[in-house]
Amino acid sequence: MIGKDGRVVLIDLNAARRVSSATKDTVILGTVGYASPEQLGIAQSDPRSDIYAAGVLLNVMITGKHPSEKIAKGKAGRIVRKCTSINLDQRFDSAERLAAAL
């Protein structure tokens with residue numbers, strides 16, 4: 001979205017929720033390819049789940065491909081790898097740290 005001040009704000013990383021018709025519980029939270037491993041039930045999600053999605057989005061913006069297909073080269077690739085690490089402790093721990101790296 002673009003605010004009145006011209007500032008661009010990313011408000012949605014394409015999140016979606018699939019609910020079981022039988023139990024009415026969430027089965028999957030997030031869009032395949034952008035959802036972090038923890039959103040698929042591997043661990044508890046936290047703000048680093050958004051860092052994962054931002055890393056995927058960054059890579060797609062640079063290469064046109066999901067990181068599983070092709071990763072950006074150079075510094076951008078290192079940032080994408082850190083964002084999309086399966087190990088939560090290896091990801092940027094905040095959007096501010098990701099922004100500083102960019």
Side-chain angles (χ1 to χ4, degrees):
M1 294 192 69
I2 302 175
K4 290 180 182 179
D5 60 357
R7 185 171 160 235
V8 176
V9 180
L10 185 61
I11 62 164
D12 182 9
L13 295 175
N14 209 11
R17 182 183 301 252
R18 182 176 296 159
V19 178
S20 165
S21 59
T23 64
K24 305 295 184 211
D25 286 337
T26 299
V27 178
I28 296 175
L29 177 61
T31 301
V32 175
Y34 289 81
S36 63
E38 58 274 12
Q39 287 177 282
L40 303 175
I42 293 171
Q44 179 63 45
S45 59
D46 65 20
R48 294 171 293 181
S49 300
D50 292 333
I51 299 294
Y52 183 95
V56 173
L57 181 61
L58 175 64
N59 196 76
V60 170
M61 289 169 53
I62 295 169
T63 68
K65 304 277 186 187
H66 188 276
S68 65
E69 297 177 62
K70 178 180 180 180
I71 292 195
K73 295 181 181 181
K75 182 179 180 182
R78 289 189 295 277
I79 291 171
V80 168
R81 281 185 187 89
K82 185 171 178 70
C83 288
T84 60
S85 174
I86 292 174
N87 183 337
L88 281 163
D89 293 330
Q90 292 178 358
R91 287 188 209 152
F92 292 101
D93 60 0
S94 69
E96 291 80 12
R97 291 190 192 256
L98 171 56
L102 291 169

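Residue numbers start at 1 and run along the sequence shown. What you are looking at is a predicted structure, and each value in this text was computed from that prediction instead of being measured.
- Atom OG of S68 and atom CG of N59 lie 9.0 Å apart (nearest 0.5 Å).
- Nearest heavy atoms, C83 versus G55: CB-CA, 3.5 Å.
- Sorted by first and then second residue, the salt bridge (Lys or Arg N to Asp or Glu O under 4.0 Å) pairs with a member in residues 66-79 form an empty list; sequence neighbours excluded.
- Applying the salt bridge (Lys or Arg N to Asp or Glu O under 4.0 Å) rule to pairs touching residues 80-99 yields E38-R91, R48-D89, D93-R97, sequence neighbours excluded.
- Under the 4.5 Å side-chain contact rule for hydrophobic residues, V80 and I51 share a cluster.
- Shortest non-hydrogen contact noted between I79 and A101 is CD1-O, 3.4 Å.
- In this structure, the side chains of T63 and I71 stay at 4.5 Å or more apart for every pair of heavy atoms.
- Under the 4.5 Å side-chain criterion, counting only non-hydrogen atoms from C-beta, L102 is in contact with L58.
- Applying the side-chain contact (heavy atoms from CB on, under 4.5 Å) test to A76 and every residue at least two apart in sequence or in another chain returns I62, A72.
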